[in-house]
Amino acid sequence: MADHILVIDQGTTSTRAIVFDGEARRVAIAKREFAQHYPAPGWVEHDPADIWRDTLAVAREAMERAARPIAAIGITNQRETAVVWDRATGEPIHRAIVWQDRRGADTCRALKGEEATVRARTGLLIDPYFSATKIAWILDNVAGARARAERGELAFGTIDSFLIHRLTGGAVHATDVTNASRTMLFDIHRGEWDEELCHLFRVPAAMLPQVHDNAHLYGTTAAGLFDRPLPIAGVAGDQQAALFGQACFARGMAKSTYGTGCFLLLNTGEEAIASEHRLLTTPAWRSGGTTTYALEGSIFVAGAAVKWLRDGLGVITHASQTDDMATQVPDSHGVYMVPAFTGLGAPHWDAQARGAIYGLTLGATAAHLARAALEAVAYQTMDLVDAMVADGGERPAILRVDGGMAANDWLCTFMAGMIGTPVERPHDLETTARGAAFHAGLATGVWSGTDELGRLWQRERCFEPSMADDRRIALSAGWHDAVRRTLTGD
Ligand SMILES: Nc1ncnc2c1ncn2[C@@H]1O[C@H](COP(=O)(O)OP(=O)(O)O)[C@@H](O)[C@H]1O
Ligand SMILES: O=P(O)(O)OC[C@H](O)CO
């Protein structure tokens, strides 16, 4: 029996395809980076044609390298990013508006009075990060689009949905519960689209895809795309997929992914905890109609601050150098970096805040800046964990980390110290793709259930907390002072 799973991981800056074997080991990978478009300050767009072209290319390449029969396809993706296409031709009517895009800010500000309702139903805050205002913008700015959408001629989808549509030759318009939950149009308690929210955000319900469990037979790839038609059997937004891929199946387990940004998710079981600290409540997965929920803290800048040290300031040539630089100095010399380059996410949600560096003296060096950039990531993680605990979530006994930046040993050690919890790193840092593979493998009988999947998770290293309390308290106070000075109150 074929037991290999092909996962398409469509991220913000690259599209990857990874083949996993029946032991969830990676046997082949192919990757392509694609163009980012910034048509105006605060706007970010992707061309869906690029995404489709790269998806096909990397999927074919990875399958060829693996040279094994594929049992099923899993899809995981950057969330919230919105595509609107013509149902008749399958052609997008505008470029995709990316999750980082802030053009819906004015609309969101005008609707702030409705926040309590939106929060109660969707688990989200009113923010341009989510899809709803992006869809409305396309309908209002492409000639004739709104009328066509109302007549049912246009379809909306997040990237997973767009890819399912393309892969099935236009036969299927569907998404999964995790992607649906990031639109601001989905009631996470009833598990359905919400007509009133569609009305509020001016998105015709006729445009929306059907919503399914994560492990589900979404459709079969169209003839001619691959050697033979393949079932698409698992779909999840990338951060929820990472929680699943990190085998955080039990309530109280948490993972944090450090890529461009950082996303920390805590499994809260079948309870959808309403946050009082501006965290998001989000479905982690749905199986047999039963939803497991998570509390999510989203930080917009993590690895991006290190990238800025490299590309913006030129003080490093490779991201991994920050590990040695931070080790070289005994402390940050009083330097704090608040990486609010694109505003601050959870728990502050201050869209107008901008990055700041405090405490500079003539003694500050590039090593102190590098250390301050890494420390900021740990401080923000600490703030998220504290907010989750204050919301009634359990303090995670262990934090599992992944993503490119989790390769940084110094960061993992410092983070364990600041949050007072062991930080565990798995062998496979591609946990996002792994999570989608798990869903697809469950749907097709490659794996029997979460007990078996839990046994496939392998620890590479555990970083134990070893920081003295007085040091942690002093650093934390310095960080919070820096954040206070950065917030705009907007
Ligand atoms: N060893 C490292 N130390 C610090 N930062 C790193 C390291 N390796 C990668 N990064 C940062 O992590 C990010 C890359 O992680 P990745 O998971 O590939 O991101 P994404 O999928 O969001 O594009 C980059 O922003 C890079 O600056
Ligand atoms: O593409 P990534 O890995 O940066 O993830 C993006 C998130 O899904 C945005 O919510």
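Counting convention: from 1, in listed order, for ligands and their atoms alike.
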Original post:
So, is the end of the Arg166 side chain (NZ or CZ) under 6.0 Å from the ring centre of Trp85 and within 45° of the ring's axis?
Top reply: no
**OP:** Answer yes when Arg121 and Glu114 have at least one side-chain N-carboxylate O distance shorter than 4.0 Å, and no when they do not.
**Re:** no
Original post:
What protein heavy atom sits nearest atom 11 (C) of ligand 1, and how far off is it?
Top reply: Gly303 CA, 3.8 Å
Original post:
How far is atom 21 (O) of ligand 1 from its nearest protein heavy atom, and which residue and atom name does that atom have?
Top reply: Arg16 NH2, 3.9 Å
Original post:
So which heavy atom in the protein is nearest atom 23 (O) of ligand 1, and how far is it from that ligand atom?
Top reply: Thr13 OG1, 3.2 Å
**OP:** For atom 6 (C) of ligand 1, grab the closest protein heavy atom and report residue, atom and distance to one decimal in Å.
**Re:** Ala319 CB, 3.6 Å
Subject >> Asp127 bridged to Arg102 by N-O distance under 4.0 Å >> reply: yes
Original post:
Between Thr260, Thr257, Asp238, which one has a non-hydrogen atom sitting closest to atom 7 (C) of ligand 2?
Top reply: Asp238
Original post:
Taking non-hydrogen atoms only, is Thr260 closer than 4.0 angstrom to ligand 1 via side chain, backbone, both or neither?
Top reply: both
Original post:
Any idea which part of Ala302 is under 4.0 Å from ligand 1, heavy-atom wise: side chain, backbone, both or neither?
Top reply: neither
Original post:
Atoms of ligand 1 less than 4.0 Å from Ala304 heavy atoms?
Top reply: 25 (O)
Original post:
Starting from atom 1 (N) of ligand 1, which protein heavy atom do you reach first, and at what distance in Å?
Top reply: Ser320 CA, 3.4 Å
**OP:** May I ask you to say whether Arg32 pairs ionically with Asp50, meaning some side-chain N is under 4.0 Å from a carboxylate O?
**Re:** no
Original post:
Does the separation of the ring centres of Phe244 and Phe249 fall below 6.0 angstrom?
Top reply: yes
Original post:
Are any side-chain N or O atoms of Asp176 and backbone N or O atoms of Asn179, one a donor and one an acceptor, separated by less than 3.5 Å?
Top reply: yes
